[in-house]
Student: 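For reference, the structure I am asking about is given below.
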Amino acid sequence: MSTSKHLNTMTYDVVIVGGGAAGLATIASLLKRQPDLSIALVEPSKHHYYQPGWTLVGGGVFEQRSTCKEMADLIPKSVSWFENAAVSFSPHQNSVFLTDDIKLNYRSLVVATGLKLDWSAIAGLEGNLGQNGITSNYQPGMAPYTWELVKKLERGSAIFTQPPMPIKCAGAPQKAMYLACDHWLRDKRLQNINVEFCSAGAALFGVADYLPALMSYVEKYNITLNLQTNLIGIDVDAKKATFKKTNADSSTEIIEKSFDMLHVTPAQVAPDVIRQSPLADAAGWVDIYPDTMQHKVYANIFSLGDCANSPNSKTAAAVRKQAPVVAENLISMLNNKKLRSVYDGYGSCPLTVERGKIVLAEFIYGGKIDPSFPKWLIDGTKPSSLSWFLKEKMLPPLYWYAMLKGHEWMANPIHRDDLPTDRHAKPSCNFDAN
Ligand code: FAD
């Protein structure tokens with residue numbers, strides 16, 4: 001940054017970068033505990049999206065408009081909203097630089113920028129998404145096109161792809177496929193449609209307990225499963241997709257498949273602004289302790305949601321449990337108290353295996369399953385209509401009116417008094433620096 005520029009500088013107790021699920025939930029949890037905190041939110045978007053709803057938009061269950069709200073309506077009045085993007089971080093100065101030559105100083109920083117969809121990793125895709133039968137529920141505003149394609153396809157070939165991990169909501173690529181297959185089956189068209197799932201991964205889903213139920217749907221819908229098969233290119237005119245397949249002996253081969261409908265899940269990477277900052281780990285994600293969510297080097301910085309490197313599944317369900325942990329630890333840190341709140345890695349993935357039924361995957365660090373409900377009510381490893389009811393009717397209001405408002409339903413942080421004390425005592429921050 002040029003030193004000759006005049007910077008508009010302001011100072012807050014807490015600066016939050018990103019007003020998605022993680023940023024807004026953290027603001028709500030902070031204000032619930034300490035309403036007099038001065039908080040700035042850095043968020044360039046005028047709209048906030050409930051992304052977990054996009055699977056149901058692509059399956060013809062939700063309207064797109066129900067998944068989007070005005071950002072201004074969701075930000076508490078006491079919070080100063082900067083409609084800017086963060087462009088660089090200066091953690092030694094306790095500053096973040098924004099577009100329009102704005103500099104914000106902070107006592108504590110929360111980084112919640114989400115991740116970047118890396119469409120450029122697929123040759124030939126640019127400019128062709130949203131037409132010619134190519135869609136993605138991952139792209140804001142595109143799930144209605146998925147549903148349009150599902151409704152239109154009478155016969156031919158439908159391919160659903162999944163890139164290498166990490167991706168947000170690891171089950172979403174197959175959720176889109178099951179809902180499409182369910183529609184084709186009910187409409188007696190499925191026998192005319194060749195459905196393939198092409199995943200870069202070595203297994204259909206990362207937590208083995210859910211595989212039997214998922215495999216029963218793969219068989220029911222007669223889906224061809226191509227594992228270790230990564231989409232690398234598209235020839236739009238020829239309607240052909242190119243994949244790099246890794247064989248059992250580690251050799252690779254390039255294969256082509258024709259499609260009439262292609263649902264693409266892009267590779268997902270850390271945003272450039274983080275990757276290029278001192279906050280990043282070697283892979284570009286914000287480098288935090290996976291239990292306290294505190295940065296490993298800068299004690300007054302916390303991160304959560306999709307941009308953090310904690311090895312949980314990147315979901316809004318994870319954010320619901322992370323936000324209260326960040327809020328409690330951040331306030332402890334500001335008051336020179338020991339950090340006590342711990343996140344156990346909870347994440348959840350409601351796999352929409354058919355319209356009206358869900359396999360509700362819930363797990364913590366290490367892939368250990370961690371159901372929220374007793375087995376007699378919901379057995380997450382089996383398709384359940386109660387889980388569908390939860391996803392369709394309960395989770396959207398839980399998101400808008402509980403999680404984003406500081407009502408931490410079933411999200412009480414775990415407390416531990418034996419966390420290493422040196423973690424939050426590193427002399428990296430100088431709160432008075434400008
Ligand atoms: P986001 O919600 O993406 O928000 C990031 C915010 O940061 C955005 O508002 C963005 O504008 C802002 N930002 C970016 N760069 C900057 C910058 N430089 N400066 C300032 N602000 C910036 N989760 C579930 O729990 N269950 C599900 O069933 C589920 N299904 C999903 C299905 C699909 C198709 C998708 C796409 C996601 C799904 N998820 C699901 C995942 C869930 O939506 C995400 O994990 C969650 O939104 C992460 O929240 P976040 O705040 O980290 O990121």
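Order of listing sets the numbers, starting from 1, for every ligand and every atom in it.
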Student: Among Lys151, Glu354, Arg189, find the one that has a side-chain hydrogen bond (donor to acceptor under 3.5 Å, both in side chains) with His183.
Tutor: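 Option passing the side-chain hydrogen bond (donor to acceptor under 3.5 Å, both in side chains) with His183: Arg189.
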Student: Please report which non-hydrogen protein atom sits nearest to atom 31 (C) of ligand 1, along with the residue it belongs to and the distance in Å to one decimal place.
Tutor: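 Answer for atom 31 (C) of ligand 1: Cys169 CB, 3.5 Å.
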Student: Mark yes or no for whether Ser310, through its side chain, and Asn312, through its backbone, hold a donor-acceptor pair below 3.5 Å.
Tutor: no
Student: What protein heavy atom is closest to atom 51 (O) of ligand 1, reported as residue, atom name and distance in Å?
Tutor: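 Of the protein heavy atoms, Ala22 N, 2.8 Å lies nearest.
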Student: How about Tyr289 and His295: are their ring centres within less than 6.0 Å of each other?
Tutor: no
Student: Main chain of Glu362, side chain of Tyr210: is a donor-acceptor contact present, judged purely on distance under 3.5 Å?
Tutor: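 A pair under 3.5 Å: yes.
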Student: Show your working on salt bridge (charged side-chain N to carboxylate O under 4.0 Å, His left out) between Asp182 and Arg355 and close with a plain yes or no.
Tutor: CA-CA 7 Å; Asp182 180 68; Arg355 197 177 174 122; over 6 Å; no
Student: Starting from atom 24 (C) of ligand 1, which protein heavy atom do you reach first, and at what distance in Å?
Tutor: Ala316 N, 3.4 Å
Student: Consider every N or O of Asn84 and every N or O of ligand 1, then say whether any pair is closer than 3.5 Å.
Tutor: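 No; every N/O pair is 3.5 Å or more apart.
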Student: Considering heavy atoms of the protein only, find what lies nearest to atom 27 (C) of ligand 1 and give residue, atom and distance to 0.1 Å.
Tutor: Pro52 CB, 3.5 Å
Student: Less than 6.0 angstrom separating the ring centers of Tyr365 and Tyr343, yes or no?
Tutor: yes
Student: May I ask you to identify, for Val87, whether its side chain, its backbone, both or neither come under 4.0 Å of ligand 1 on a heavy-atom basis?
Tutor: neither
Student: What residue and atom, counting heavy atoms only, is the protein's closest point to atom 46 (C) of ligand 1, and at what distance?
Tutor: Asp306 OD2, 3.9 Å
Student: Which part of Ala112 is near ligand 1, with near meaning a heavy atom under 4.0 Å away: side chain, backbone, both or neither?
Tutor: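 Backbone only; the side chain of Ala112 stays clear of ligand 1.
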Student: Quick check on Lys175 - does any of its heavy atoms sit under 4.0 Å from an atom of ligand 1?
Tutor: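 Lys175: in contact with ligand 1 (<4.0 Å).
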Student: Considering distance alone, does some N or O of Pro350 sit under 3.5 Å from an N or O of ligand 1?
Tutor: no
Student: Just which atoms of ligand 1 are under 4.0 Å from any heavy atom in Gly305?
Tutor: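 So the atoms of ligand 1 that pass are 52 (O).
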Student: For ligand 1 and Pro44, I'd like to know whether there is a polar contact (N/O to N/O, distance under 3.5 Å).
Tutor: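 Looking only at distances, the answer is no, because the N/O contact criterion of under 3.5 Å is not met.
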Student: Does Glu196 pair with Lys257 as a salt bridge, N-O distance under 4.0 Å?
Tutor: yes
Student: Indicate yes or no: does Asp287 engage Lys296 in a salt bridge with an N to O separation below 4.0 Å.
Tutor: yes
Student: Whether the side chain of Asn105 engages the backbone of Ser95 through a donor-acceptor N/O pair (distance < 3.5 Å, no angle test) should be reported.
Tutor: no
Student: With a cut-off of 4.0 Å, which atoms of ligand 1 are near a heavy atom of Tyr138?
Tutor: 36 (C)
Student: Check the angle between the aromatic planes of Tyr399 and Tyr50 and answer parallel, tilted or perpendicular using the 30° and 60° thresholds.
Tutor: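 Tilted.
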Student: Between Gly23 and ligand 1, is there a nitrogen or oxygen pair with a distance under 3.5 Å?
Tutor: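 No, there is no polar N/O contact under 3.5 Å.
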Student: In this structure, does ligand 1 have an atom that sits under 4.0 Å from one of the heavy atoms of Lys391?
Tutor: yes
Student: Taking the six-membered ring for Trp and the full ring for Phe, Tyr or His, determine whether the centres of Tyr49 and Trp54 are under 6.0 Å apart.
Tutor: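 So the answer is yes for these two rings.
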Student: Is atom NZ of Lys239 surrounded by more than 12 heavy atoms (other residues, nucleotides or ligands) closer than 6.0 Å?
Tutor: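 Yes, NZ of Lys239 has more than 12 neighbouring heavy atoms, counting only those of other groups under 6.0 Å.
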Student: Check each of His47, Glu43, Gln51, Gln139 against atom 37 (C) of ligand 1 and report the one with the nearest heavy atom.
Tutor: Gln51
Student: Answer yes or no: does an N/O atom from Leu304 fall short of 3.5 Å to an N/O atom of ligand 1?
Tutor: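 No; every N/O pair is 3.5 Å or more apart.
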Student: Pull out every atom of ligand 1 sitting under 4.0 Å from any heavy atom of Val17, numbered as shown with elements.
Tutor: 19 (N), 20 (C)
Student: What protein heavy atom lies closest to atom 4 (O) of ligand 1? Include the residue and the distance to one decimal.
Tutor: Gly20 CA, 3.2 Å
Student: Answer with yes or no whether the side chains of Ser29 and Glu408 bring together a donor and an acceptor at under 3.5 Å.
Tutor: yes
Student: For Thr55, counting its heavy atoms only, list the atoms of ligand 1 lying under 4.0 Å from any of them.
Tutor: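 By the 4.0 Å cutoff, the relevant atoms are 32 (C).
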Student: Please report the shortest heavy-atom distance between Ala158 and Leu153, naming the atom on each side.
Tutor: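 Closest approach of Ala158 to Leu153: CB-CD2, 4.1 Å.
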Student: Quick one: nearest non-hydrogen protein atom to atom 53 (O) of ligand 1, plus distance?
Tutor: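 Here the nearest protein heavy atom works out to Gly114 CA, 3.5 Å.
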Student: Looking only at distance, does Ala172 have an N or O less than 3.5 Å from an N or O of ligand 1?
Tutor: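 So ligand 1 has no N or O lying under 3.5 Å from an N or O of Ala172.
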Student: Is any NZ, NE, NH1 or NH2 atom of the basic residue among Glu70 and Lys46 found under 4.0 Å from an Asp or Glu carboxylate oxygen of the other?
Tutor: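 Between Lys46 and Glu70 there is no salt bridge, as every charged N stays at least 4.0 Å from the carboxylate O atoms.
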Student: For atom 5 (C) of ligand 1, which of the options Thr26, Val42, Thr113 provides the nearest non-hydrogen atom?
Tutor: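 Residue with the shortest heavy-atom distance to the ligand atom: Thr113.
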Student: Just jot down the ligand 1 atoms closer than 4.0 angstrom to any heavy atom of Ala86, in number order.
Tutor: 17 (C), 18 (N), 19 (N), 20 (C)
Student: Write out the residue and atom name of the closest protein heavy atom to atom 49 (O) of ligand 1, then the distance separating them to 0.1 Å.
Tutor: Ala21 CB, 3.5 Å
